[in-house]
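Read the structure below first, then the notes.
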Amino acid sequence: MPILIRDSKDTDILALHAIYSHHVRHGLASFEEVPPSAEELARRRADVLGRGLPYLAAAIDDEVVGYAYASPYRARSAYRFSIENSVYVDHRRHRAGIGRALLSALIARCEDGAWRQMVAIIGDSANIASIGLHERLGFRTVGILRAVGFKFGRFVDTVLMQRALGAGDRTLPVEAAHDDGGGNSGG
């Protein structure tokens, strides 16, 4: 079945909520332990979109089967050219190429922006499917934070992966070339 990757819509929230809730309740991709409400998920999506970042959905025959988005890596201004990715696929559709299609499209969309680094923060060092997906799309492991999460009665690692976007750190972004060093454009 062909996978359609498109911008997410307000009407996708219930499907996104069902996908994410399953991962929260049964997996280690998210370190949340209680699924947020659909309203909270909609608020989070609106925040991502309000920052000009992509929030994508994957559909097969008009059924939403996964989603991916980029969010700020950290809140402080010095991190403004770095973003974090998140990818969630319907648990009944794993190994169907949906995650790869979503992450590939997300990377392409982010390379069209001002961002220069994409970070993946992967829950559980045993999550070989997500680690492998990221490796195949150009990410490299830059570190493992041992036992920083505690979920399902055990300590869980976080794997940090990173890839350059566009020119990466080879050139300064246009904004940074005129930066006064304080995160504000000089003038």
Side-chain angles (χ1 to χ4, degrees), residues 16-17 19-37 40-41 43-45 47-49 51-56 58 66-91 93-95 98-111 113-170 173 176 183:
L16 304 180
H17 181 259
I19 291 167
Y20 186 63
S21 293
H22 178 85
H23 285 282
V24 169
R25 284 190 199 102
H26 303 287
L28 295 169
S30 170
F31 279 14
E32 285 195 83
E33 296 181 279
V34 176
S37 67
E40 173 59 16
L41 205 61
R43 188 202 62 73
R44 293 177 189 182
R45 178 179 165 270
D47 181 63
V48 166
L49 294 173
R51 295 171 183 274
L53 291 160
Y55 204 116
L56 308 175
Y67 68 101
Y69 62 92
S71 57
Y73 170 63
R74 296 269 197 248
R76 294 197 172 137
S77 64
Y79 292 112
R80 69 190 170 280
F81 298 111
S82 298
I83 53 178
E84 179 182 339
N85 77 71
S86 294
V87 180
Y88 294 96
V89 174
D90 185 316
H91 68 281
R93 302 284 192 141
H94 284 184
R95 300 261 184 228
I98 298 164
R100 183 180 183 102
L102 279 164
L103 186 53
S104 295
L106 186 68
I107 290 166
R109 289 281 292 278
C110 291
E111 286 190 317
W115 307 288
R116 296 299 186 91
Q117 298 294 322
M118 183 176 278
V119 175
I121 301 174
I122 299 170
D124 192 10
S125 57
N127 189 347
I128 58 172
S130 185
I131 293 167
L133 168 65
H134 283 82
E135 285 174 344
R136 287 188 296 281
L137 293 177
F139 287 78
R140 62 181 167 59
T141 299
V142 294
I144 297 174
L145 300 174
R146 302 272 178 216
V148 294
F150 187 81
K151 189 171 178 181
F152 303 135
R154 69 180 180 98
F155 286 103
V156 185
D157 299 341
T158 297
V159 179
L160 304 175
M161 300 184 79
Q162 179 180 351
R163 84 176 301 268
L165 295 172
D169 61 356
R170 294 188 311 270

Subject >> Side-chain donor-acceptor contact under 3.5 Å, His22 with Asp90 >> reply: no

Subject >> Heavy-atom side-chain contact between Arg100 and Leu137 under 4.5 Å >> reply: yes

**OP:** May I ask you to decide if Ser21's main-chain N or O and His26's side chain share a donor-acceptor pair within less than 3.5 Å?
**Re:** no

Subject >> Reported OH-to-OH distance for the pair Tyr67 and Tyr69, which is rounded to 0.5 angstrom >> reply: 6.0 Å

Original post:
Rounded to the nearest 0.5 Å, what separation is found between the OG atom of Ser86 and the CG atom of Leu102?
Top reply: 11.5 Å

Subject >> Minimum side-chain heavy-atom gap Glu84-Met118 below 4.5 Å >> reply: no

Original post:
Can any side-chain N or O of Arg163 pair as donor or acceptor with the backbone N or O of Phe139 at less than 3.5 Å?
Top reply: no

Subject >> Gln117 vs Ile83 side-chain heavy atoms within contact, under 4.5 Å >> reply: no

Original post:
For the residue pair Phe150 and Phe155, does the interplanar ring angle fall in the parallel (under 30°), tilted (30 to 60°) or perpendicular (over 60°) class?
Top reply: perpendicular

Subject >> Lys/Arg-Asp/Glu bridge criterion (N-O < 4.0 Å) met for Asp47, Arg43 >> reply: no

Subject >> Expected output: side-chain His23 to main-chain Val89 donor-acceptor under 3.5 Å >> reply: yes

**OP:** Of all the heavy-atom pairs spanning Glu111 and Gly166, show the shortest one and how long it is.
**Re:** OE2-N, 2.9 Å

Original post:
With distance as the sole test, does Asp157 use its side chain to make a donor-acceptor pair with the main-chain N or O of Ala147 at under 3.5 Å?
Top reply: yes

**OP:** Mind listing the closest non-hydrogen atom pair of Ala68 and Leu106 along with its distance?
**Re:** CB-CD2, 4.2 Å

Original post:
Can you find a heavy atom in the side chain of Arg51 that is under 4.5 Å from one in the side chain of Pro72?
Top reply: yes

Original post:
Taking side chain as C-beta onward, heavy atoms only, is Leu16 less than 4.5 Å from Tyr55?
Top reply: yes

**OP:** For the pair Arg136 (side chain) and Gly132 (backbone), establish whether a donor and an acceptor sit closer than 3.5 Å, ignoring hydrogens and angles.
**Re:** yes

Subject >> More than 12 heavy atoms from other groups under 6.0 Å of CG on Leu145 >> reply: yes

Subject >> From CD (Glu32) to OH (Tyr20), nearest 0.5 Å >> reply: 3.5 Å

